[in-house]
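Accompanying notes for the structure given below.
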Amino acid sequence: KAGVTQTPRYLIKTRGQQVTLSCSPISGHRSVSWYQQTPGQGLQFLFEYFSETQRNKGNFPGRFSGRQFSNSRSEMNVSTLELGDSALYLCASSPRQGTGEQYFGPGTRLTVT
Amino acid sequence: AQTVTQSQPEMSVQEAETVTLSCTYDTSENNYYLFWYKQPPSRQMILVIRQEAYKQQNATENRFSVNFQKAAKSFSLKISDSQLGDTAMYFCAFMKHVGGGKLIFGQGTELSVKP
């Protein structure tokens, strides 16, 4: 089975712009979670989607949003980018919600200048 | 709120030796999962081992084993016969059993295996 894929792998944006990141889960997995990884804050949970519904949300401002499609693929969007949004954004998929095991993709490295 | 603490930012071990990484957590939940994830340099996060809190038996996966002390809220990872490929950042993580899907991570321990 193919693993979790994330596109693009690298992205450079300017402050004030918006960005959309994409995640394709492992085939058959219906839960997708997103995390932000920075040197200062570590790994922080953004949100989780299951069956096209947001099930959990982390403590991030409303500029961060996401959605999940019927094929379980997920996108996250960040509007009005700030320098502090520079991070590695990780997507993880799981066969069912709340089973524990999450399988991570390689991440999207976002740099905001 | 749940928190996960890894008190060792960096550790090193000689190849073929054994090393133990520490993790403590705080929760009022009774049922939950605990994990160790490995993130090699510039490579993606890999699940190393998983423990369910209601299981008293410590999980093992080949050279990796845990010491789960529920009352003490401690969850350490032991790596036996360390290999150069074990060099990575190791993260301890917590997930509630009900309404889960959200991993709470510790700050990580950077492990270097030296030849």
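Note: hydrogens, waters and symmetry copies are ignored here, and every other heavy atom, side chains too, is used. Residue numbering restarts at 1 for every chain, and letters A, B, ... go by the order of the sequence lines.
A/F47 does not touch chain B: none of its heavy atoms, backbone or side chain, sits under 4.5 Å away. Looking at A/L46, neither its backbone nor its side chain comes within 4.5 Å of chain B, counting heavy atoms on both sides. B/L47 touches chain A through its side chain: at least one heavy atom from C-beta onward sits under 4.5 Å away, while N, CA, C and O do not. Using a 4.5 Å cut-off between heavy atoms, A/Q44 makes no contact with chain B at all.
Relative ring orientation between B/Y25 and B/F68 is described as parallel, the plane-to-plane angle staying below 30° on a 0-90° scale split at 30° and 60°.
Options B/Q107, B/Q44, B/Q39, B/R43 differ in how many heavy-atom pairs under 4.5 Å they form with chain A, and the most are formed by B/Q44.
You'll find the ring centres of A/F104 and B/Y37 inside the 6.0 Å limit.
Applying the side chain to side chain donor-acceptor pair (under 3.5 Å) test to A/Y89 and every residue at least two apart in sequence or in another chain returns A/Q36.
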Considering only distance and modelled atom types, tabulate donor-acceptor pairs under 3.5 Å from the side chains of residues 10-22 of chain A, sequence neighbours left out.
from	atom 1	to	atom 2	distance (Å)
A/Q17	OE1	A/T14	N	2.8
A/T20	OG1	A/N77	OD1	3.0
A/S22	OG	A/R73	NH1	2.8

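Inspection of the B/E29 and B/N31 side chains reveals no N or O donor paired with an N or O acceptor under 3.5 Å.
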